[in-house]
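Naming convention: chains lettered A, B, ... in sequence-line order (proteins, then strands); numbering from 1 in each chain.
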Protein chains: 2
Amino acid sequence: MRVIDGGITAPEGFRATGKHIGIKKVKKDLALLASDVPAKAAGAYTTNIVKAAHILWDSSITESGGNVRGLVCISGNANACTGKRGVRDNEDMAECFAQCIGAKKEEILTAATGIIGLDMPMDTIKSGIKGAYGNLSRKREEAKNAAAGIITTDTFIKEMAVQLNIAGKTVKIGAMCKGSGMIHPNMATVLSFITSDINISRELLHKALIYSVKETYNMISVDGATSTNDMAVIMANGMAGNDEITEEDEFYESFKNALYFINEKFARDIVHDGEGAGKFIQVNISGAKSDNDARLMAKSIVTNNLVKTAMYGEDANWGRVMAAMGASGGCFDPSKVNMSFSSEKGEILLMSEGEPVHFDENLAAEILGERDITVNISLCDGIHTAKSWGCDLGHEYVRINGEYRSRT
Amino acid sequence: MRVIDGGITAPEGFRATGKHIGIKKVKKDLALLASDVPAKAAGAYTTNIVKAAHILWDSSITESGGNVRGLVCISGNANACTGKRGVRDNEDMAECFAQCIGAKKEEILTAATGIIGLDMPMDTIKSGIKGAYGNLSRKREEAKNAAAGIITTDTFIKEMAVQLNIAGKTVKIGAMCKGSGMIHPNMATVLSFITSDINISRELLHKALIYSVKETYNMISVDGATSTNDMAVIMANGMAGNDEITEEDEFYESFKNALYFINEKFARDIVHDGEGAGKFIQVNISGAKSDNDARLMAKSIVTNNLVKTAMYGEDANWGRVMAAMGASGGCFDPSKVNMSFSSEKGEILLMSEGEPVHFDENLAAEILGERDITVNISLCDGIHTAKSWGCDLGHEYVRINGEYRSRT
């Protein structure tokens, strides 16, 4: 597998575009994606009980096994908590794009991100789609435009492409995602769109997606808040021409690993671009009794406001990390814990077999002065591990979120 | 029942004092409390797996049914994550105070609050206790000194006293508590100390305490972080001379309600004094399917960073409230929800039977401009209710917690 220049249109047969149509004041707010031939699709969706209209629409398509022809995504309006009207509007949006490209509305996935509880400006959206679909193309520039059309408070676009060899055929995967606030995914994420020209069974496509989502997006947190709109979908149109993958063989493994590679990169990008984030924190847990224990603790640490503010203050307040682990619901023996903080400037041991270690405050300050900090925890209680990613909590987060709705 | 002037020494037979002994730079950092006669005791303790030494010590005393003669509490050092040495230091602290007042160390409860992971300055603490116990008295001033000795980042002391009539006898309850950061109690709280001269069975003393803790301290959150040191203990010495309460009769109900009154007041005080809190938020949930659903949702809303920053920004971003409910784990039907925000300036309906309501932004801004905001949610799905209390998240929280360890 190797990374190639490109985004969502890198695989054969996928065309995209993105445009400003007037939902937001000036930034791009529409992304369109089309596959030249029907594609298999799989999705992972938010577990929030309050689900945006597109979550209900898309999950019914991917779970019933229907093929898809395209995707329409708007940004600036979440179309969540919009009641029956929101459901109708979402369907109208799908139908509008379907008519443009000669598909059925049930072949069109939808997505939205932005403010919750606002009705969709349907005239703007419909005329926007009609005015934009003519630009659908495989051009590099249009993939970038699409990636720009799905972001909100993100400070950079997030896209990538890889290619791998499957039994002599070149298979490509392209992807774009967004996310910088309300980030605490739970069985899905943010908005993540992936295309591939691989030929693979629907079951394995779904399995590979869920595997990588669980270990990547589900292990990040910006602010502990699980969105109503989170989703990751993949569309595979088979145009690479490889024989269909129907077993968990080496080709499936290659594809699964490539997906994991993309999704881990995106998960890290999302946290790096977390609203107001000044520091990037990775937590490595090892020696846990079970995967679940390890994951609960890793996630609890990156979510804890006191850990996050200590990181912001560059304060080696490791006691807050212990308190966050203890309140996580994960099981461990505090008397066996080893803990260190590290960065490019070095590593400093803070706790050894449950006892505090006297440490050099100057070195600690130097280590925590870096942008990327790693918290290493060894529990000496088993063989299971987990990684999580988060960010600090500083004034910029408060500024952004104290005025989000009125500002946009 | 009526509120009377006084604190922890209001009930017969309880003496207290508080002093600065040198753990903190200038503020009081020691509180001592003694009962003239052995008192029954009950406690509720943090569910954090990482427990401070005093949590292990006190729970073994109250759970084995031992009588207690006193309490020693220090502030500025949490004596948590301090390994075996912390356990020995805690026992030495109990023994030192026990010798001063002619009790056994197993009759002394201990408590500590402050920075996690620092060894206790035992010489300072022991000489401090020896220099302070001579001031133990029932004087109003000494109760205040004790209440000052237990606080850390709190901006005001928290104490109160009530009296009630039990079968012709005057029974008094006195109390003090602290708490303004790492506040997300779970089956206990903060540090809350309650005395009473009531004569009541150990079982009912425990039951009344647990009841009020569950509905009060366990329903507040300042920062979503559950402390390693949280506890609420009550000591009852029987000196009021009432016949022992051994059944859940009217007298038990009076006592239980008085305890609830005190603990609800303290829970609200703690949130009002939450680190960096500028606004006080009460959530009222009604019409839930079960108590547990109602509590999960109420707690999730006051814990959600996006709700908290919206309140800070005085932004009627009610969609974030819906998202927090949906991610709470509590069960409800989004299509039946009614929601309003209210304050002294009025009330504004935001959602009606699951549909967004167009509202007057000017009135919303006026309502959210107040310090005390209430979020009212009616789920129309059952008869259960819950209340929770929290605060906003603003720059002051970040400032305080970005520099807490190095500053103290």
Side-chain angles (χ1 to χ4, degrees), chain A residues 47-51 78 80-85 115-119 181-182 184 186 223-228 303-306 309-310 312-313 315-320 322-327 330-332 334-335 350-351 354-356 393-395 397-406, chain B residues 47-51 78 80-85 115-119 181-182 184 186 223-228 303-306 309-310 312-313 315-320 322-327 330-332 334-335 350-351 354-356 393-395 397-406:
Chain A
T47 54
N48 198 312
I49 285 184
V50 179
K51 295 179 203 303
C81 302
T82 41
K84 297 183 193 77
R85 177 171 158 179
I115 299 165
I116 299 176
L118 285 186
D119 287 331
M182 213 180 257
H184 184 85
N186 202 353
D223 51 16
T226 300
S227 164
T228 50
T303 309
N304 187 281
N305 278 356
L306 288 168
T309 47
Y312 175 75
D315 180 1
N317 200 331
W318 58 271
R320 293 179 177 178
M322 281 292 283
M325 288 163 63
C331 200
F332 69 106
S335 75
L350 301 160
M351 178 164 247
E355 303 282 335
L393 169 58
H395 292 293
Y397 179 82
V398 172
R399 193 192 63 72
I400 292 171
N401 284 296
E403 51 185 56
Y404 174 66
R405 198 182 57 104
S406 28
Chain B
T47 52
N48 198 311
I49 285 185
V50 179
K51 295 179 203 301
C81 302
T82 43
K84 296 183 193 77
R85 177 173 159 180
I115 299 165
I116 298 177
L118 285 186
D119 288 331
M182 213 178 256
H184 185 83
N186 202 352
D223 50 18
T226 299
S227 164
T228 50
T303 309
N304 188 280
N305 278 356
L306 289 169
T309 46
Y312 175 75
D315 180 1
N317 200 330
W318 59 271
R320 293 180 176 178
M322 281 293 283
M325 288 164 61
C331 200
F332 68 104
S335 74
L350 301 159
M351 177 163 248
E355 303 282 335
L393 169 58
H395 292 294
Y397 178 84
V398 172
R399 193 192 62 71
I400 292 171
N401 284 296
E403 51 184 56
Y404 174 67
R405 200 183 56 106
S406 30

Apply the test side-chain contact (heavy atoms from CB on, under 4.5 Å) to residues N305(B) and Y397(A): give CA-CA distance (whole Å), side-chain angles for both, the deciding distance (0.1 Å), then the verdict. CA-CA 10 Å; N305(B) 278 356; Y397(A) 179 82; 3.6 Å; yes
If you take all heavy atoms of [X] and [Y], which pair is closest and at what distance?
X	Y	value
E355(A)	R85(B)	OE1-N, 4.4 Å
N48(A)	A327(B)	OD1-N, 3.4 Å
R320(B)	I116(A)	N-CD1, 4.5 Å
M322(A)	C81(B)	CB-SG, 3.5 Å

Which portion of P356(A) sits near chain B, non-hydrogen atoms under 4.5 angstrom: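 Both the backbone and the side chain of P356(A) come within 4.5 Å of chain B.
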Would you mind telling me which of G394(A), A310(A), G354(A) has the largest number of heavy-atom pairs within less than 4.5 Å of chain B?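 Highest number of heavy-atom pairs under 4.5 Å: G394(A).
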Can you say whether K84(B) sits under 4.5 Å from chain A via the side chain, the backbone, both, or neither, judging by heavy atoms?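 Its backbone and side chain both get close to chain A.
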Interatomic spacing from OG1 in T309(A) to CZ in R399(B) - rounded to 0.5 Å: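 One finds 12.0 Å between OG1 of T309(A) and CZ of R399(B).
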